[in-house]
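Sequential numbering from 1 along the given sequence is applied to the chain's residues. These values consider heavy atoms only, across backbone and side chains, with no hydrogens, waters or symmetry-generated copies.
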Amino acid sequence: MSETPTNILQYRFDGPEEAPVLILAPSLGTTWHMWDRQVPELTNQWRVFRFDLPGHGGAPAHPAGLVSDLAARLLVTLDGLGVQRFGYAGCALGGAIGLELALRHPERLASLALIAASPRFGTADEFRQRGVVVRTNGLDPIARTSPDRWFTGGFAAAQPAITEWAVQMVRTTDPGCYIAACEALATFDVRAELGHVGAPTLVLVGSEDQVTGPAEARTLVAGIRDARLAVVPGASHLVPVEQPAAVTDLLVRHFSTAWQLPFEVTTGQMTVVPPPAKPLLAVPLQAAPIAEIAPADLPDRPEDRPDPYDIGLKLRREVLGDAHVDGALAGADDFSGDFQEFLTRCVWGEIWDRPGLDRRTRSCVALTALVAGGHLEDLAAHTRAALRNGLTPDEIKEVLLQTAVYCGIPAAGNAFRIAQQVIREETTPAD
């Protein structure tokens, strides 16, 4: 067991110290115990390394809002332990971390298994709305419905102890870290980069998985040049728990036969036959980057700044949601198209992207201005945006109470009716 400062992960080792390291990574809402049934067999050949996501399983609650942040923390942890090269198996969010490692740090990865994974997990709107539900109601609604997403109905009915374990595992997760992990999944999308994954890859999925099922698995296999598909019958999303023996057997066979040799320091290529189509340049292990270097602040390099339209479209979607933006853009024609471009480029790409105010503050300003100006036709969209930007219903209530003082009771009364309906819709957990 480990001590866990803010920049590393809570972890544990099992198996002989001299064996090659195999990492088992958890999914959102779970702990390293989801792999308990695999460990006895895997430790016959590997030194198994398991970790908990921030705020999960009693790990310190230091939220990470990007998959790349989680990958960076994992590498910091491994660097501190002297682990440079490893095999990696990850479930769902753990699989996203594995893809991030394979794409950004290929010299570290000997072999990869992606379980219940996807190059993009649902839509950004789905995960951001889940964050709104958790921020408003806590994790209990998510915890109670987790078995429905994770297990087949027959398994849940036959294994009440495991079902209750799953509920408690989610319920005891730190809400802030869960919300940050939802944001990480909302922004994760490597569909265009799958062809750059060079590690031999096993893609494993439960046949009954309704979260990231066989269709997503086939997308991974089609995109990754050295990938094989394994569909486990009678299993849903948390397939290592529901079908432990089948998953263990598949992992043993994959990592026993598809362990890529290290990079050759002298040639800069991996010693595999045939070599990759585009050999990767060697990176001395001691100098391997822990995280990507961030670009300089935009004000210092205006000539390198991306097109404000591209910035604005991304930000507009993040704040208002894909459905709202798609509807607005789809309704544009020759007459209104220039106005939609103006909104995207100037309002979102220039003003909303300025660093002087955070998104929560900008949402407070937007709500107040809409009420003051009587523009209540846009209030519903910006109430949803405020929830996405991290305001709680109580904070939105305070903003609208403030508008009652300065903008008038009638305006605030109408605003309360609109916001109340939106908050009910957005914060009511799905059945």
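- Under a 4.0 Å N-O distance rule, the pair Asp189/Arg191 qualifies as a salt bridge.
- In terms of heavy-atom proximity, Asp52 sits nearest to Trp32 at OD1-N, 2.8 Å.
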| request: Go through the steps for Arg128 and Glu183 under the test salt bridge (charged side-chain N to carboxylate O under 4.0 Å, His left out), then give the verdict. | output: CA-CA 6 Å; Arg128 291 195 172 107; Glu183 181 64 25; 2.9 Å; yes

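- Listed for the Asp174 side chain is no donor-acceptor partner under 3.5 Å among the backbone atoms of Ala61.
- Counting only heavy atoms from C-beta outward, the side chains of Ile115 and Val205 never approach each other to under 4.5 Å.
- Distance check, rounded to the nearest 0.5 Å: CD of Glu208 to CD of Gln243 gives 10.5 Å.
- Checked for salt-bridge contact, Asp249 and Arg253 meet the test: a charged N lies under 4.0 Å from a carboxylate O.
- Between Thr123 and Asp322, the side chains place no donor N or O within less than 3.5 Å of an acceptor N or O (distance only, hydrogens not considered).
- By the 4.0 Å N-to-carboxylate-O rule, Arg384 lies close enough to Glu425 to be salt-bridged with it.
- Side chains of Ile23 and Val83 form no contact here, defined as non-hydrogen atoms less than 4.5 Å apart.
- Contact detail for Pro214 and Gly206: the closest heavy-atom pair is CD-O, 3.9 Å.
- Proximity of a side-chain donor or acceptor of Thr201 to a complementary backbone N or O of Ala199 within less than 3.5 Å is detected.
- Counting heavy atoms from C-beta on, the side chains of Thr172 and His56 never come closer than 4.5 Å.
- Salt-bridge formation is not detected for the pair Arg120/Glu216: no Lys NZ or Arg NE/NH1/NH2 atom is positioned less than 4.0 Å from an Asp or Glu carboxylate oxygen.
- At distances below 3.5 Å, not a single donor-acceptor pair connects side-chain atoms of Arg171 with backbone N or O atoms of Leu139.
- At most 12 non-hydrogen atoms from other residues, nucleotides or ligands lie less than 6.0 angstrom from CD of Gln210.
- The existence of a salt bridge linking Asp140 and Arg144 is confirmed by a sub-4.0 Å separation between a basic side-chain nitrogen and an acidic carboxylate oxygen.
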Requested in this report: Mind running side chain to side chain contact (heavy atoms under 4.5 Å, CB included) on Phe416 and Leu401 for me, showing each step along the way?
Outcome: CA-CA 9 Å; Phe416 263 101; Leu401 284 172; 3.9 Å; yes

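- Using bins of under 30°, 30° to 60° and over 60° for the plane-to-plane angle, the ring pair Phe255/Trp46 lands in the perpendicular bin.
- The heavy-atom pair separating Leu370 from Asp378 by the smallest distance is CD1-O, 3.8 Å.
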Note to self: Run the side chain to side chain contact (heavy atoms under 4.5 Å, CB included) test on Val371 and Leu379 for me, step by step, so that the C-alpha distance in whole Å, both residues' side-chain angles and the decisive distance to 0.1 Å come before the verdict.
What the structure shows: CA-CA 8 Å; Val371 176; Leu379 189 67; 4.3 Å; yes

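- Judged by distance alone, with hydrogens and angles left aside, the side-chain atoms of Thr403 form no donor-acceptor pair with the main-chain N or O of Thr368 at under 3.5 Å.
- Glu395 places a side-chain N or O within donor-acceptor distance of the main-chain N or O of Thr392, the cut-off being under 3.5 Å.
- Distance check, rounded to the nearest 0.5 Å: CG of Asn7 to OG1 of Thr77 gives 7.5 Å.
- Between Arg317 and Asp125, none of the side-chain N atoms (NZ, or NE/NH1/NH2) sits under 4.0 Å from a carboxylate O, so this pair counts as no salt bridge.
- Between Glu426 and Arg135, no side-chain nitrogen of the basic residue sits less than 4.0 Å from a carboxylate oxygen of the acidic one, so the salt-bridge criterion is not met.
- Between Glu318 and Lys314, at least one side-chain nitrogen of the basic residue sits less than 4.0 Å from a carboxylate oxygen of the acidic one, meeting the salt-bridge criterion.
- For the 3.5 Å distance criterion, the side chains of Thr145 and Arg149 qualify, holding a donor opposite an acceptor.
- A donor-acceptor contact shorter than 3.5 Å links the side chain of Asn137 to the backbone of Thr427.
- The stretch residues 35-49 participates, sequence neighbours left out, in these salt bridge (Lys or Arg N to Asp or Glu O under 4.0 Å) pairs: Asp36-Arg50.
- The closest side-chain donor-acceptor pair between Glu398 and Gln402, if any, does not fall under 3.5 angstrom.
- Using modelled atom types, no side-chain atom of Ser363 and backbone atom of Arg360 make a donor-acceptor pair closer than 3.5 Å.
- Between Trp348 atom CH2 and Tyr309 atom OH the span is 13.5 Å, to the nearest 0.5 Å.
- In plain terms, the two heavy atoms of Thr152 and Ala235 that are nearest each other are CG2-C, 4.0 Å.
- Here Arg108 pairs with Asp79 in a salt bridge; the nearest charged N to carboxylate O distance falls below 4.0 Å.
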For Arg73 and His62: C-alpha separation, side-chain torsions, deciding distance, then whether side chain to side chain contact (heavy atoms under 4.5 Å, CB included) applies.
CA-CA 11 Å; Arg73 292 190 194 184; His62 304 302; 3.8 Å; yes

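- Judged by distance alone, the side chains of Ser236 and Glu242 never bring a donor and an acceptor atom under 3.5 Å apart.
- Side chain to side chain, Arg228 and His254 meet the donor-acceptor criterion of an N or O pair below 3.5 Å.
- Remark: Gln84 CD to Leu75 CG distance equals 9.0 Å, nearest 0.5 Å.
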query: When you look at Val247 and Gln38, which way does the side chain to side chain contact (heavy atoms under 4.5 Å, CB included) test go after all the steps?
result: CA-CA 8 Å; Val247 170; Gln38 281 73 42; 4.1 Å; yes

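- Residues Phe127 and Thr187 form no side-chain contact, since every pair of their non-hydrogen atoms from C-beta on lies 4.5 Å or further apart.
- Residue Leu320 comes nearest to Ala385 through the heavy atom pair CD2-CB, 3.9 Å, listed as atom of the first residue, atom of the second, then distance.
- Side-chain atoms of Thr30 do not come within 3.5 Å of backbone N or O of Pro26 as any donor-acceptor pair.
- At distances below 3.5 Å, not a single donor-acceptor pair connects side-chain atoms of Ser27 with backbone N or O atoms of Cys91.
- Screening Tyr88, Phe13, Trp35 for a ring pair (Phe, Tyr, Trp, His ring centres under 6.0 Å) with Phe49, the sole residue that qualifies is Phe13.
- Remark: side-chain polar atoms of Ser207 are paired, donor with acceptor, to backbone N or O of Gly234 under 3.5 angstrom.
- Taking all atoms of both residues into account, the shortest heavy-atom contact from Cys182 to Arg130 is SG-CD, 3.8 Å.
- For the atom pair CG (Leu66) and CG (Leu70), the distance works out to 8.5 Å, reported to the nearest 0.5 Å.
- How far CG of Leu367 is from CD1 of Ile418: 11.0 Å, rounded to the nearest 0.5 Å.
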